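Report on one structure; see the data block that follows.
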Amino acid sequence: MMRLSDAAGAAGFSLVSLESVDSTNRLALDLAEQAGANRTWVVSEVQRSGRGRHGREWVSPAGNLYASLLLVSPCPVEDSPKLGFVAGVALAEVVRRLAPLADTHLKWPNDVLVGGAKLAGILLEGRMISGNRQAVAIGMGVNILTAPALPDRKAASFLDLGISTDRREVLRVLSDRMATQLTAFAAGQGFFRIRDAWSRLSLPPGTPLTVRLPRGDLSGRCAGIDERGRLLLDMDGTLREVEAGDVFLDGSRTGP
Ligand code: BTN
């Protein structure tokens, strides 16, 4: 049986656990109008139509974790994109805890990489609901038994790392870390604490990156994130702020 951590339960988080669903993010957002839906985790053994970033599909066979946390008006609407960084920090902490010897880093905005290959991803989706409230689904996919063969980048699973774990254990630790990091986020000082934690888990400053934008690629070196969560790219000494885009670690790109 799937369970949240004791601390998450005590902090008012609840769990809906399914065998199959189109997308846990879709279901989480659709639950948002129900009384008491805030802080509901939705997990499913498989997803028939899992969603990835940039409209991509997230292939979702049994054995991996597909989880969405529904939050209702957790922060001012303009701050909600920062929840992706809250989740990124929590997810990277999970991987560092369960695979302590792996080379785990966050790649902007919120992919968890091990040895340069993607082990977990986050998709944040939101919608306005009645009462001028905002529903936010923080969707997280973690490769445990299998990693998809992606056309343009490397992916890995816990099994590939030689770590035997399962979605039950990953959810327990993830629900625990999310409860803690959401408390840190709510404790405020702006984005300071999360940005600090994110920076400590991120690829080191100076890592060569390529950002793919609709108008072409930008190449530079990772220089962290700013107070709004934008990527700072050092291009020969000039800092460029990147709002959105697909980031590749040089050398990790395997396709065209
Ligand atoms: C990415 O492209 O990196 C984000 C992947 C997010 C996948 C998760 S799996 C659970 C949740 N439900 C979805 O449909 N997508 C997210």
Side-chain angles (χ1 to χ4, degrees), residues 2 4 13 15-32 40-71 80-81 83-92 94-95 104-114 116-127 135-158 166-168 170-171 174-175 178 198 201-203 211-212 229 231 244-249 252-255:
M2 297 293 277
L4 303 180
F13 291 84
L15 175 65
V16 172
S17 178
L18 306 162
E19 281 173 13
S20 177
V21 71
D22 52 348
S23 155
T24 55
N25 264 22
R26 197 278 305 157
L27 183 69
L29 288 173
D30 282 352
L31 289 176
T40 301
W41 281 94
V42 178
V43 299
S44 183
E45 202 170 328
V46 299
Q47 294 185 117
R48 299 184 300 273
S49 180
R51 305 172 181 169
R53 294 180 66 238
H54 302 296
R56 288 190 280 252
E57 185 187 4
W58 188 260
V59 179
S60 306
N64 295 337
L65 180 70
Y66 313 110
S68 299
L69 174 61
L70 171 69
L71 298 175
S80 56
L83 290 164
F85 295 91
V86 176
V89 167
L91 209 43
V94 170
V95 178
T104 303
H105 290 103
L106 284 166
K107 176 176 73 68
W108 187 88
N110 286 304
D111 286 351
V112 181
L113 304 183
V114 285
K118 180 159 168 172
L119 186 106
I122 295 173
L123 176 67
L124 207 61
E125 293 186 271
R127 107 167 36 133
V136 181
I138 309 175
M140 290 167 264
V142 184
N143 298 333
I144 300 174
L145 293 186
T146 55
L150 300 173
D152 60 353
R153 60 185 88 194
K154 296 181 209 152
S157 66
F158 273 110
D166 57 20
R167 56 191 208 100
R168 191 182 138 88
V170 176
L171 177 67
L174 177 60
S175 60
M178 275 301 281
W198 194 95
L201 292 161
S202 145
L203 292 167
V211 185
R212 191 197 284 163
L231 171 68
D246 241 352
V247 176
F248 294 86
L249 201 54
S252 74
R253 198 159 166 171
T254 56

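Indexing begins at 1, ligand by ligand and atom by atom, following the structure's order. Nothing here was measured: the structure is a model prediction, and the numbers come from that model.
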V21 vs Y66 side-chain heavy atoms within contact, under 4.5 Å: no

S175 to L4 - nearest heavy-atom pair and separation: OG-CA, 3.5 Å

Give the residue and atom name of whichever protein heavy atom lies nearest to atom 11 (C) of ligand 1, and the separation in Å to one decimal. T24 OG1, 3.2 Å

Taking the side chain as every heavy atom from C-beta outward, state whether S20 and V46 have any atom pair closer than 4.5 Å. yes

Compare R26, Q47, R51 and give the one whose heavy atom is closest to atom 12 (N) of ligand 1. Q47

Per-atom contacts, ligand 1 versus I122 - under 4.0 Å to a heavy atom: 3 (O), 4 (C)

What are the atoms of ligand 1, with element, lying closer than 4.0 Å to any heavy atom of G50? 14 (O)

Against heavy atoms of A67, which atoms of ligand 1 measure under 4.0 Å? 10 (C)

Does some non-hydrogen atom of R56 fall short of 4.0 Å from ligand 1? no

Tell me, do T24 and Q47 make a side-chain contact under 4.5 Å, heavy atoms counted? yes

Nearest-contact summary for atom 3 (O) of ligand 1 - protein heavy atom, Å: K118 NZ, 2.6 Å

Tell me, do L106 and F85 make a side-chain contact under 4.5 Å, heavy atoms counted? no

Just wondering, do M178 and L71 contact through their side chains at under 4.5 Å, heavy atoms? no

For ligand 1, note which part of S49 has a heavy atom under 4.0 Å away: side chain, backbone, both or neither. neither

Would you say the side chain of V95 lies within less than 4.5 Å of the side chain of F158, judging by non-hydrogen atoms? yes

For atom 5 (C) of ligand 1, closest protein heavy-atom neighbour: W58 CE3, 3.3 Å

So the atoms of ligand 1 within less than 4.0 Å of a heavy atom of R53 turn out to be 1 (C), 2 (O), 4 (C)

Numbered atoms of ligand 1 (with element) below 4.0 Å of G141, judged on heavy atoms: 7 (C), 8 (C), 9 (S)

Do N25 and S68 have side chains that approach each other closer than 4.5 Å (heavy atoms only, starting at C-beta)? yes

Taking only heavy atoms of S68, which atoms of ligand 1 are found under 4.0 Å from at least one of them? 11 (C), 12 (N)

